[in-house]
Structures are given as C-alpha cells and as structure tokens.
A.B. asks: 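Take a look at this one; I'll ask things after.
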Amino acid sequence: MDWIEATEDHYDEREFGETVGMGERPALVVIDLINAFTDPDSNLGSDVEDVLEQTERLLEAFRAFDLPRYFTTVAFEESYGDAGVFIEKVPALRELRLGTEHVEVDDRIAPLDDERVILKKYASAFFGTDLQSELTTNRVDTLVIAGVTTSGCVRATAVDSLQHGYRTIVPADAVGDRAEGPHRANLFDIDAKYGDVVTTDAVLEELEAPVDD
C-alpha cells in the first residue's frame with residue numbers, strides 16, 4: 001500500500017472527501033496556460049501537452065453550451081513593484097513581463113473575442129482581481145478549473161473557489177505540474193477538502209446530461 005492509499009483510508013474513516021457535484025450554472029476557468037508555462041524550455045515551463053488537449057475539449061464544450069469561460073495570466077510591470085515578495089521567492093517569475101509573448105495565452109487554446117483574460121499577480125484567480133464580480137453577474141454556482149500548476153495557482157484558485165461559495169470541480173487530466181509528486185498530492189488534498197477531482201470525460205458527460213423537469 002503506497003502513501004496515497006494509506007492516506008485515503010485514513011481520510012475515508014473520518015468523513016472527508018464527499019462529492020459536491022456540479023450546480024446549474026458552471027463556468028470554466030483556465031489557469032495560466034500561457035507561453036511561459038507551456039514552453040518546456042522556459043524556467044517556469046514544463047511539458048503540458050496533455051493538459052492543453054483536455055482543456056481544449058473543455059473549451060469546446062463550454063463554448064457549445066454558451067457557458068462562461070475565463071482565462072488567467074500572470075504579468076508584472078517592468079519595475080516588478082507589483083510582484084512583492086513573490087518574485088524574491090521565485091526569481092523565475094521575472095520572465096512574466098507585461099506586454100511580452102511569455103504572458104500571452106498559448107495559441108493552441110487561444111481565447112475568442114468575447115472571452116476575458118484576467119490579469120493576476122499572485123496564485124489565486126480571485127486575489128486582487130474582479131473574477132468574483134464577473135461570476136456573480138453571470139449567476140455562476142460552479143467552477144471547473146483547468147490549467148497549471150496543480151500545486152500552485154490551480155490549488156489556490158480551488159481553495160478560494162470553495163471559500164467564495166462555489167462548487168469546485170478539478171478535472172485531473174486537465175491540470176498539470178512540473179513534477180508528479182506535487183501534482184498527485186495536491187489533487188488528493190483538493191478532493192479531500194475543497195472540490196471534486198474528476199476527469200474531463202466526466203465533466204463533459206455532466207454538461208451533456210439532460211436536465212430533469
């Protein structure tokens with residue numbers, strides 16, 4: 001029995017990890033699938049080809065059903081005065097300069113004209129942004145979160161999503177990280193405490209399911 005199985009048994013015995021399911025009005029939030037993170041040669045990047053493919057499937061479905069879609073990017077001013085201590089902890093973040101190609105969403109999942117790219121400075125898509133106002137305006141009750149990284153911005157957004165009252169869904173095959181250990185550990189913890197960790201197929205099936213009268 002590996003540590004994941006042992007931890008699952010421990011949590012199951014203590015009533016963690018119930019399923020919250022999807023509500024009536026889901027939105028898709030694509031976290032930081034920008035060039036700096038999708039280019040394996042970047043200090044911030046890794047091979048996330050599979051994540052891009054699954055995210056593209058989610059985007060196609062949310063577009064087909066005319067459900068809200070949002071993208072995020074991280075970008076800093078030339079002075080890095082808006083980066084705070086974050087850039088001291090992770091100097092590689094200096095690649096993320098406003099106005100450069102590094103901070104643009106990867107062309108493989110490029111936003112359409114009516115899809116917003118929300119600029120953030122830190123991990124969570126909620127922190128210091130107007131995402132909450134957008135979601136309220138669009139009567140959203142569920143967030144489906146895709147993108148990178150599982151242990152960083154995806155996790156932070158999932159935690160804040162719960163804390164803002166949203167049902168939170170994380171398709172495990174549509175999020176990625178630079179290493180397998182942090183990826184697996186954070187998916188486990190999200191599923192135990194903050195949202196439902198499922199598959200992209202499961203999300204698509206839920207979207208296509210008929211609504212009961």
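Nothing fancy with the numbering, it's 1 onward along the sequence. Both backbone and side-chain heavy atoms feed into the values below; hydrogens, waters and symmetry mates do not.
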A.B. asks: Between Ile118 and Val30, is there a shared hydrophobic cluster once you connect ILVMFWY residues whose side-chain heavy atoms come closer than 4.5 Å?
C.D. replies: no
A.B. asks: Do Phe37 and Leu96 make a side-chain contact, defined as non-hydrogen atoms from C-beta onward lying under 4.5 Å apart?
C.D. replies: yes
A.B. asks: Heavy atoms, side chains only, cut-off 4.5 Å: are Asp32 and Val74 in contact?
C.D. replies: yes
A.B. asks: Main chain of Leu44, side chain of Arg178: is a donor-acceptor contact present, judged purely on distance under 3.5 Å?
C.D. replies: yes
A.B. asks: Minimum heavy-atom separation for Ala123 to Thr157, with atom names?
C.D. replies: O-OG1, 3.9 Å
A.B. asks: Could you walk me through whether Leu33 and Thr72 pass side chain to side chain contact (heavy atoms under 4.5 Å, CB included), step by step?
C.D. replies: CA-CA 8 Å; Leu33 283 176; Thr72 71; over 6 Å; no
A.B. asks: Please determine, by modelled atom types, if Asp106 and Thr38 share a side-chain donor-acceptor pair under 3.5 angstrom.
C.D. replies: yes
A.B. asks: Which heavy-atom pair separates Pro171 from Val203 by the least distance, and what is that distance?
C.D. replies: CG-CG2, 4.0 Å
A.B. asks: Compare all side-chain heavy atoms of Pro68 with those of Glu134 and state whether any distance is below 4.5 angstrom.
C.D. replies: no
A.B. asks: Please assess Phe126 against Leu135 for the test side chain to side chain contact (heavy atoms under 4.5 Å, CB included), listing each intermediate value before the final yes or no.
C.D. replies: CA-CA 11 Å; Phe126 287 92; Leu135 298 175; 3.9 Å; yes
A.B. asks: Identify whether the distance between the nearest side-chain nitrogen and carboxylate oxygen of Asp141 and Arg25 falls below 4.0 Å.
C.D. replies: no
A.B. asks: Check the hydrophobic clustering (I, L, V, M, F, W, Y; side-chain heavy atoms under 4.5 Å; chains of links allowed) and say if Leu131 and Val105 are grouped together.
C.D. replies: no
A.B. asks: Going by heavy atoms in the side chains, are Cys153 and Val148 under 4.5 Å from each other?
C.D. replies: no
A.B. asks: Using only heavy-atom distances, determine whether the side chains of Tyr80 and Glu88 contain a donor-acceptor pair under 3.5 Å.
C.D. replies: no
A.B. asks: Report yes or no: do Thr19 and Asp196 form a side-chain donor-acceptor pair below 3.5 Å?
C.D. replies: no
A.B. asks: Taking Arg69 for the side chain and Leu67 for the main chain, is one N or O donor matched with an acceptor at less than 3.5 Å?
C.D. replies: yes
A.B. asks: Would you say the side chain of Lys193 lies within less than 4.5 Å of the side chain of Leu162, judging by non-hydrogen atoms?
C.D. replies: no
A.B. asks: Is it true that Val90 and Phe127 fall in one hydrophobic cluster, defined by side-chain heavy atoms closer than 4.5 Å?
C.D. replies: yes
A.B. asks: Going hydrophobic residue to hydrophobic residue with side-chain gaps under 4.5 angstrom, can you get from Met22 over to Leu28?
C.D. replies: yes
A.B. asks: Donor-acceptor pair, Asn186 side chain versus Pro182 backbone, under 3.5 Å?
C.D. replies: yes
A.B. asks: Establish, from distance only, whether the side-chain atoms of Tyr70 and Asn138 form a donor-acceptor pair under 3.5 Å.
C.D. replies: yes
A.B. asks: Under the 3.5 angstrom rule, does the side chain of Thr168 hit a backbone N or O of Tyr166 as a donor-acceptor pair?
C.D. replies: yes
A.B. asks: Any link between Leu112 and Leu119 through a network of hydrophobic side chains (Ile, Leu, Val, Met, Phe, Trp, Tyr) touching at under 4.5 Å?
C.D. replies: no
A.B. asks: Looking only at heavy atoms, what is the nearest atom pair of Ala61 and Leu207, with distance?
C.D. replies: CB-CD1, 4.0 Å
A.B. asks: Evaluate the criterion side chain to side chain contact (heavy atoms under 4.5 Å, CB included) for residue pair Asp189 and Arg155; output intermediate values, then yes/no.
C.D. replies: CA-CA 9 Å; Asp189 204 50; Arg155 178 196 169 88; 3.0 Å; yes
A.B. asks: Is it true that the side chains of Ser42 and Glu95 contain a donor and an acceptor less than 3.5 Å apart?
C.D. replies: yes
A.B. asks: Looking at every non-hydrogen atom in both residues, tell me the closest pair between Ile169 and Gly21 and how far apart they are.
C.D. replies: CD1-O, 3.8 Å
A.B. asks: If we ignore hydrogens and angles and just use 3.5 Å, is the side chain of Thr73 paired with the main-chain N or O of Val103 as donor and acceptor?
C.D. replies: yes
A.B. asks: One thing to verify: whether Asp114 and Arg63 come together as a salt bridge, which I'm taking to mean a side-chain N less than 4.0 angstrom from a carboxylate O.
C.D. replies: no
A.B. asks: Could you tell me whether a side-chain N or O of Thr136 sits under 3.5 Å from a main-chain N or O of Gln132, the two making a donor and an acceptor?
C.D. replies: yes
A.B. asks: Show the numbers, then the answer: is there a side chain to side chain contact (heavy atoms under 4.5 Å, CB included) between Phe71 and Glu115?
C.D. replies: CA-CA 7 Å; Phe71 296 77; Glu115 295 170 346; 3.3 Å; yes
A.B. asks: What I'd like to find out is whether the side chain of Ile190 reaches to under 4.5 Å of the side chain of Ile145, using heavy atoms alone.
C.D. replies: no
A.B. asks: So Asp177 and Arg184, salt bridge (charged side-chain N to carboxylate O under 4.0 Å, His left out) or not? Walk me through it.
C.D. replies: CA-CA 9 Å; Asp177 214 307; Arg184 292 183 65 198; over 6 Å; no
A.B. asks: In Å and rounded to the nearest 0.5 Å, what is the CG to NE2 distance from Leu93 to His102?
C.D. replies: 13.0 Å
A.B. asks: Indicate yes or no: at least one non-hydrogen side-chain atom of Pro26 is less than 4.5 angstrom from one of Val140.
C.D. replies: no
A.B. asks: Mind listing the side-chain donor-acceptor pairs of residues 48-55 below 3.5 Å, one per line with the distance, residues two or more places apart or on another chain?
C.D. replies:
{"residue": "Glu49", "atom": "OE1", "partner": "Arg108", "partner atom": "NH1", "Å": "2.9"}
{"residue": "Gln54", "atom": "OE1", "partner": "Arg57", "partner atom": "NH1", "Å": "2.8"}
{"residue": "Thr55", "atom": "OG1", "partner": "Val51", "partner atom": "O", "Å": "2.8"}

A.B. asks: Check whether Phe76 forms a cation-pi arrangement with Arg97 (NZ or CZ under 6.0 Å from the six-membered ring centre, at most 45° off the ring normal).
C.D. replies: no
A.B. asks: Where do Leu187 and Ala172 come nearest, in terms of heavy atoms and distance?
C.D. replies: CD1-CB, 3.8 Å
A.B. asks: In terms of ring plane angle, is the pair Phe86 and Tyr122 parallel, tilted or perpendicular, where the classes change at 30° and 60°?
C.D. replies: parallel
A.B. asks: Has His164 got a side-chain atom pairing as donor or acceptor with Asp160's backbone, closer than 3.5 angstrom?
C.D. replies: yes
A.B. asks: Examine distances only and state if a side-chain atom of Asn43 and a backbone atom of Ala92 form a donor-acceptor pair shorter than 3.5 Å.
C.D. replies: no
A.B. asks: What pair of heavy atoms forms the shortest contact from Val175 to Ala146, and how long is it?
C.D. replies: CG1-CA, 3.8 Å
A.B. asks: Less than 3.5 Å apart, any donor N or O on the side chain of Thr199 or Asp173 sitting next to an acceptor on the other?
C.D. replies: no
